[in-house]
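Everything below concerns the one structure shown next.
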Amino acid sequence: MDVKTQLKETVDSIRSLTKSTPAIGIILGTGLGALADEIQKETVITYDKIPHFPLSTVESHAGRMLFGKLGGKDVVAMQGRFHYYEGYTLQQVTYPVRVMKELGVKTLIVSNACGGMNPQFNLGELVLITDHINFQGTNPLIGHNDDKMGARFPDMFNCYDKELRNLAEAVALDEKVPLQKGVYVAVSGPTFETAAEYRLFRIIGGDMVGMSTVPEVIVARHQGTKVLGFSLVTDLGLPDAMEPCSHERVMAAAAKGEPKMTKLVKKIVERMNA
Ligand code: HPA
């Protein structure tokens with residue numbers, strides 16, 4: 001079955017369960033999980049009820065699509081995302097982004113946990129993603145291209161929308177939430193980086209590194225969806241001052257940064273013209 005037909009079946013099924021018509025989509029990555037509590041939920045659909053949605057692996061969490069209001073706006077939020085390192089194809093990882101477009105989403109907000117490589121960054125800080133380097137060694141758009149869905153060779157100009165970034169910076173200032181800016185390097189994972197790898201990623205222009213986000217962003221840009229992205233610094237990738245890193249450390253640091261990220265994104269949505 002081609003992806004167009006799959007998407008139609010997925011969207012028809014979702015439409016039969018909700019009347020919501022969100023223009024804003026949010027992927028609740030690490031650091032943004034608590035935003036789920038802020039959404040006045042109208043409809044909640046677990047992924048296993050959605051035709052053609054990837055099935056969650058054991059380690060994935062909730063796995064729900066939330067429809068409701070945030071900051072007075074209709075939003076759809078993905079609680080639980082799919083990662084390349086879990087064994088999904090990048091088509092599976094990015095399928096929800098395609099679905100969001102069919103549901104009417106014009107702007108996608110993404111978040112992730114990252115290793116901070118810029119020595120100016122501190123643990124627990126928020127970073128506005130200004131650009132990315134795709135170091136996953138693959139791309140979700142490899143293969144047949146349906147020109148009706150997007151260009152064969154998509155432009156990555158203004159990938160992280162400048163107007164949305166300006167808004168994010170303005171809101172951060174007003175809300176007194178410190179917000180760094182940086183370039184995100186996406187790797188496949190699941191290994192954290194060696195000291196030599198952190199050094200490499202810093203040298204090639206990266207400020208932070210992580211295992212998600214870029215596939216979804218590429219597909220969003222392919223289909224013309226605007227993107228706003230944030231990273232939460234959960235560990236420091238400083239090659240000359242390496243410390244042990246673990247999933248537990250990352251999650252503990254993410255939990256600390258979460259309230260700031262949640263507040264910022266809620267206020268941004270409130271002030272978006274969508
Ligand atoms: N490297 C890669 N992915 C990550 C890191 C990191 O240091 N921290 C959180 N996700």
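Everything numeric in this text was worked out from a predicted model, so none of it was measured. Start at 1 with the first residue, then count along the sequence. First listed ligand is number 1; within each ligand, the first listed atom is number 1.
Shown in contact with Tyr198 at under 4.0 Å from a heavy atom are these atoms of ligand 1, numbered in order with element: 1 (N), 6 (C), 7 (O). Using a 4.0 Å cut-off to heavy atoms of Cys114, the atoms of ligand 1 that qualify are 5 (C), 8 (N), 9 (C). Contact atoms of ligand 1 toward Val209: 1 (N), 2 (C), 3 (N), 4 (C), 5 (C), 6 (C) (distance under 4.0 Å to a heavy atom of the residue). Within ligand 1, counting atoms from 1 as listed, the ones closer than 4.0 Å to a heavy atom of Glu193 are 1 (N), 2 (C), 6 (C), 7 (O). The atoms of ligand 1 that sit less than 4.0 Å from any heavy atom of Met211 are 2 (C), 3 (N).
With Leu236, Thr234, Thr191 as candidates, the residue nearest to atom 9 (C) of ligand 1 on a non-hydrogen basis is Thr234.
The local environment of NZ in Lys260 is crowded, with over 12 non-hydrogen atoms from other residues, nucleotides or ligands closer than 6.0 Å.
Classified by interplanar angle (parallel below 30°, tilted 30° to 60°, perpendicular above 60°), the ring pair Phe82/Tyr88 is perpendicular.
Ligand 1 has at least one atom lying under 4.0 Å from a heavy atom of Gly210. Distances from ligand 1 to the non-hydrogen atoms of Gly237 include no value under 4.0 Å. Between Ala113 and ligand 1 there is a heavy-atom distance shorter than 4.0 Å.
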Checklist entry - Do Asp146 and Lys4 pass the salt bridge (Lys or Arg N to Asp or Glu O under 4.0 Å) test, and can you show the C-alpha distance, the side-chain angles, and the key distance before you say yes or no? => result CA-CA 9 Å; Asp146 182 342; Lys4 270 256 164 92; 3.5 Å; yes

Next on the checklist: Quick one, Lys267 with Asp174, criterion salt bridge (Lys or Arg N to Asp or Glu O under 4.0 Å). Give me CA distance, side-chain angles, the key distance, then yes/no.
Outcome noted: CA-CA 10 Å; Lys267 293 283 177 187; Asp174 291 349; over 6 Å; no

Checklist entry - When you look at Lys8 and Asp2, which way does the salt bridge (Lys or Arg N to Asp or Glu O under 4.0 Å) test go after all the steps? => result CA-CA 10 Å; Lys8 184 169 182 326; Asp2 72 346; over 6 Å; no

Next on the checklist: Pair Arg199, Asp240 - check salt bridge (Lys or Arg N to Asp or Glu O under 4.0 Å), show working.
Outcome noted: CA-CA 9 Å; Arg199 182 174 288 110; Asp240 297 308; 2.7 Å; yes

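When hydrogens are left out, the protein atom nearest atom 8 (N) of ligand 1 is Asp235 OD1, 2.6 Å; that is the closest non-hydrogen contact.
Ion pairing between a basic and an acidic side chain is recognised when a charged N comes within 4.0 Å of a carboxylate O; Lys263 and Glu38 show no such pairing.
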